[in-house]
Protein chains: 4
Amino acid sequence: MTDTLQQQLIIARKEQILAAAAVVFAAKGFHATTIRDIARQAGIADGTIYNYFGSKTALLTGIFEQMRERVLRQNPLPAPETLDLPAFIRLFIQQPLLALRGDNFALFRIILAELPVNEELRTLYHTQIMQPTLHLAEAYFTAQVAQRGIAPEDARLILRAIAGMVQGLLLQYILGDELLTEQWEQLPELLSGLLLHGLGPDPD
Amino acid sequence: MTDTLQQQLIIARKEQILAAAAVVFAAKGFHATTIRDIARQAGIADGTIYNYFGSKTALLTGIFEQMRERVLRQNPLPAPETLDLPAFIRLFIQQPLLALRGDNFALFRIILAELPVNEELRTLYHTQIMQPTLHLAEAYFTAQVAQRGIAPEDARLILRAIAGMVQGLLLQYILGDELLTEQWEQLPELLSGLLLHGLGPDPD
Amino acid sequence: MTDTLQQQLIIARKEQILAAAAVVFAAKGFHATTIRDIARQAGIADGTIYNYFGSKTALLTGIFEQMRERVLRQNPLPAPETLDLPAFIRLFIQQPLLALRGDNFALFRIILAELPVNEELRTLYHTQIMQPTLHLAEAYFTAQVAQRGIAPEDARLILRAIAGMVQGLLLQYILGDELLTEQWEQLPELLSGLLLHGLGPDPD
Amino acid sequence: MTDTLQQQLIIARKEQILAAAAVVFAAKGFHATTIRDIARQAGIADGTIYNYFGSKTALLTGIFEQMRERVLRQNPLPAPETLDLPAFIRLFIQQPLLALRGDNFALFRIILAELPVNEELRTLYHTQIMQPTLHLAEAYFTAQVAQRGIAPEDARLILRAIAGMVQGLLLQYILGDELLTEQWEQLPELLSGLLLHGLGPDPD
DNA sequence: GATGAATGAGTTTTCATTCAT
DNA sequence: AATGAATGAAAACTCATTCAT
């Protein structure tokens, strides 16, 4: 029992620190943030942070893990088999667009900024997010679109294009595109229509 | 005349420095690169850099500008009126995908990493790249797809989705997706087909 | 009784801590050792150490005292009067050379490193080791060598030279001299011979 | 020429820094000295030190090298062949005893304190000081004492004992022995006599 | 204009010590 | 008495920027 209490205290302190780090990282960016900033924000001493995290970088990966867990817990993926293709696509688009609402946008920005430059984080993102997601989706997706005459090779590329479309829209959102800010809610519906039917037949 | 010669020397020196900076930034990332690294690479003294650029950050924006000019010069945008919609879309996709091949991928990575964090760079990207591109394309695109029964509001969102798709694919490429590395050349054709016709009719 | 038991517990705990400290100091050196290292080695909490010793430095002096007592207990000095000069010299040399064998070499190294820099330890060494040793030896030694025509002033210097010889050999041993490592056992015999008879008469 | 001037400036600056470091090291010891202390003492900025020395430890080895060079320059070793054995011994003892007079005593203390604990410095001391000295002396010494009926093996040990005697006396001097401080000048004469003739014949 | 030595603020990280439980 | 989390001072080292030559 005591043991469990201890561990809960440790977890709570870790979360306190990560929360503080997230706030400051979001406001100033990873590199511009100092350990002191985070300690002040958390209301603790500088050294205390190192009782819970080995380095400044560990705070970043800690935030990443936390975000991943939170997203997965809030939006559990349904088995693709229970969906038809349109529903699958709408979900595939909707999920990340909505998962990052709220605080998570700020965190996504931080992580995005480090991804191109931080090897460890990149690997984490690749193995924890992209690979599982793509792997899960590929099996179902290639089978479905095969019925519509699309080769598996192409299907896998298209899946990446769809994932990319979502990521690219997030990027533009972060960069401050006003139209997207206004119309964000419309996107899932609009995009799944576009992907299913295209821009439509030649008018002639 | 002397004045012109002077100015040419200045421009040449600036380019020499930017080229060196690009090399080192690409290899080590922006933050991990020191002014000394760049000076060594350029074969000049540290202080000389400050005769031509006000700060380390100015080197980054300088590279950004240079890259933009180079891309525009190499791939001048044709007047959209001369293209039909399929050709337009293929071009709209192809342009950035190909423009960043070669060294520019590395630079794009650097800039991408700074974008979420660097206000100045973000504004530059927004006003110099995204806004002009979207503005130019919107007029033509909304008109074209209107003929296919798509509302202008939706058309503008779709244009961002297409741009986003391209950016997202670049991001995944940077993050090391193997399939994309192999099949990069197929993308323009495949994606324009997808966007024009969708995934195809329901098989039933 | 309880009081005595209490005190025995305290002494036992102190010895436990000192033993742990000695192990870690010997392995890593004084400055490179952390209180946590010692606590881990002793299987206790960091804070507990401070219930028994006032500071990290106090651990060092504690070890010093312990070592001194142990050496004295193991090798009680016989009354010089019971020895003739050759036996006295052999003993005077032998004692420190052998006393430090084993773990104590490592501790001697640590203490030696702190001696030049640590005032408190230096005083301790001077008053607890050198002064008593020299004082005890001087009375006997000056009287003995007076019979051989050596002035008391010179005798006292010579005594220091002999003590120095031993210390210097220990130093060289610590510094890694291979010959000494191999022939360590020969030293007492060889040196007492040298001191008594010198290098021998001029061959001519 | 300009090149030479540059290099002279660099050498001068290095010496300035080493001199400052020696002063502060001698006063406070190596570990208790901060880079800031040294910078203040030298009248320069902290960072400047790192333009000339890679680390704090490099300052220590720098001092060591400087001391070695200075000692060698001031007391060039004569070829042993030009000396008879008594002269050789007196010189062998005298040299280090006198070389360390003055500032060098303080430096020797610093180095002595680090020797047992600092691998790099220990190697330096071994290869630069002890090995060459012993090597040079051994050839001559073993040959000489062979004529007096001493085996080469023993001769080599005796040589170390003599060197040790000197080092041990230095150690006692550093530890504050008062008699040695007063009578320091007598030592070479007294010790060479002792070594050559021993304590004298048994009075009976 | 070019140089590169000097600067010193700023950063992460460590660790002896304290003290509430 | 034992604990070990919290503390925060301290320290080595880096590097963008300046400026005298």
Side-chain angles (χ1 to χ4, degrees), chain A residues 2 5-6 9-10 12-14 17 31-40 42-59, chain B residues 6 9-10 13 17 31-40 42-59, chain C residues 6 9-10 13 17 31-40 42-59, chain D residues 2 5-6 9-10 12-14 17 31-40 42-59:
Chain A
T2 304
L5 180 61
Q6 276 299 333
L9 282 175
I10 290 178
R13 190 41 69 94
K14 277 192 170 191
I17 292 171
H31 279 100
T33 295
T34 70
I35 290 289
R36 172 153 302 180
D37 290 334
I38 298 169
R40 291 264 164 78
I44 58 176
D46 298 16
T48 304
I49 291 177
Y50 286 88
N51 291 341
Y52 295 90
F53 296 91
S55 70
K56 193 181 162 189
T57 300
L59 291 172
Chain B
Q6 280 296 338
L9 282 176
I10 290 179
R13 190 39 73 96
I17 292 171
H31 279 100
T33 295
T34 69
I35 289 288
R36 173 154 301 178
D37 289 333
I38 299 168
R40 290 269 163 77
I44 59 177
D46 298 17
T48 305
I49 291 177
Y50 286 86
N51 292 339
Y52 295 90
F53 296 92
S55 71
K56 193 182 164 187
T57 301
L59 290 171
Chain C
Q6 280 296 337
L9 282 176
I10 289 179
R13 189 42 71 93
I17 292 171
H31 279 101
T33 295
T34 70
I35 289 289
R36 173 154 302 180
D37 289 334
I38 298 168
R40 290 268 163 78
I44 59 175
D46 297 17
T48 305
I49 291 177
Y50 285 87
N51 292 338
Y52 296 89
F53 295 93
S55 70
K56 193 181 163 188
T57 301
L59 290 171
Chain D
T2 303
L5 180 59
Q6 277 299 332
L9 282 175
I10 289 177
R13 189 42 68 95
K14 278 191 170 191
I17 292 171
H31 279 101
T33 295
T34 70
I35 289 290
R36 173 153 302 179
D37 289 334
I38 299 169
R40 291 266 164 77
I44 58 176
D46 298 16
T48 304
I49 290 176
Y50 287 89
N51 290 341
Y52 294 89
F53 296 92
S55 69
K56 193 182 162 188
T57 301
L59 290 172

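All chains are named by letter (A, B, ...) in the order of the sequence lines, taking the proteins before the strands, and each is independently numbered beginning at 1.
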message: Let me spell it out: for each of D:Thr34 and B:Ala32, pick the nucleotide of DNA chain F with the closest heavy atom. Which residue's pick is nearer the 5' end?
response: D:Thr34
message: Output the rounded distance in Å from CZ (C:Phe53) to P (F:dA1).
response: 14 Å
task: Could you run through DNA chain F and flag its stems, i.e. three or more consecutive Watson-Crick or G-U pairs with both distances under 3.5 Å?
output: E:2-21 with F:2-21
Pick out the pairs of N or O atoms, protein on one side and nucleotides 17-21 of chain E on the other, that lie under 3.5 Å.
{"from": "E:dT17", "atom 1": "OP2", "to": "C:Tyr50", "atom 2": "OH", "distance (Å)": "2.7"}
{"from": "E:dT17", "atom 1": "OP2", "to": "C:Lys56", "atom 2": "N", "distance (Å)": "3.1"}

field: Pairs satisfying salt bridge (Lys or Arg N to Asp or Glu O under 4.0 Å), at least one member in residues 44-57 of chain B, at least two apart
entry: B:Arg36-B:Asp46
Protein-nucleotide distance (D:Arg40, atom CZ; F:dA11, atom P), rounded to Å: 11 Å
message: Could you work out, with side-chain contact (heavy atoms from CB on, under 4.5 Å) as the rule, every residue matching C:Thr57, not counting sequence neighbours?
response: C:Phe30, C:Ser55, C:Asn118, C:Glu120
- request: Rounded off to whole Å, could you give me the NZ-to-C1' distance for the A:Lys14 and F:dA6 pair?
  value: 17 Å
task: For C:Ile44, report the nucleic acid contact type (base, sugar-phosphate, nothing); a contact means any heavy atom under 4.0 Å.
output: sugar-phosphate
task: Find the distance D:Leu5:CG to E:dG4:P and express it as a whole number of Å.
output: 14 Å
task: Rounded to the nearest angstrom, tell me the gap between atom CG in A:Leu9 and atom P in F:dA5.
output: 10 Å
field: Nearest-Å distance for atom pair CG/P, residues D:Asp37 and F:dA11
entry: 8 Å
message: From CD1 of C:Ile10 over to P of F:dA1, roughly how many Å is that when rounded to an integer?
response: 6 Å
message: How long is the straight-line distance from CG of C:Leu59 back to CD1 of C:Ile38, given to the nearest 0.5 Å?
response: 5.0 Å
task: Applying side-chain hydrogen bond (donor to acceptor under 3.5 Å, both in side chains), name anything that partners B:Asp37, two or more places apart in sequence or on another chain.
output: B:Lys28, B:Thr34
- prompt: Mapping A:Ala45 and B:His31 onto DNA chain F by nearest heavy atom, which one lands closer to the 5' end?
  reply: A:Ala45
message: On a heavy-atom basis, which atom in B:Ala58 and which in B:Gly54 lie closest, and how many Å separate them?
response: CB-N, 4.1 Å
Partner residues of D:Tyr52 under the side-chain contact (heavy atoms from CB on, under 4.5 Å) criterion, sequence neighbours left out: D:Ile10, D:Arg13, D:Lys14, D:Ile17, D:Thr48
- prompt: Closest nucleotide of DNA chain E for B:Arg13 versus for D:Ile49: which of these residues is on the 5' side?
  reply: B:Arg13
message: In whole Å, I'd like the distance from the CD atom of A:Gln6 to the C1' atom of F:dA2.
response: 14 Å
field: Residues that A:Arg40 engages under side-chain hydrogen bond (donor to acceptor under 3.5 Å, both in side chains), provided they are two or more places apart
entry: none
- prompt: What does D:Tyr52 touch in the nucleic acid at a heavy-atom separation under 4.0 angstrom: a base, only the sugar-phosphate, or nothing?
  reply: sugar-phosphate
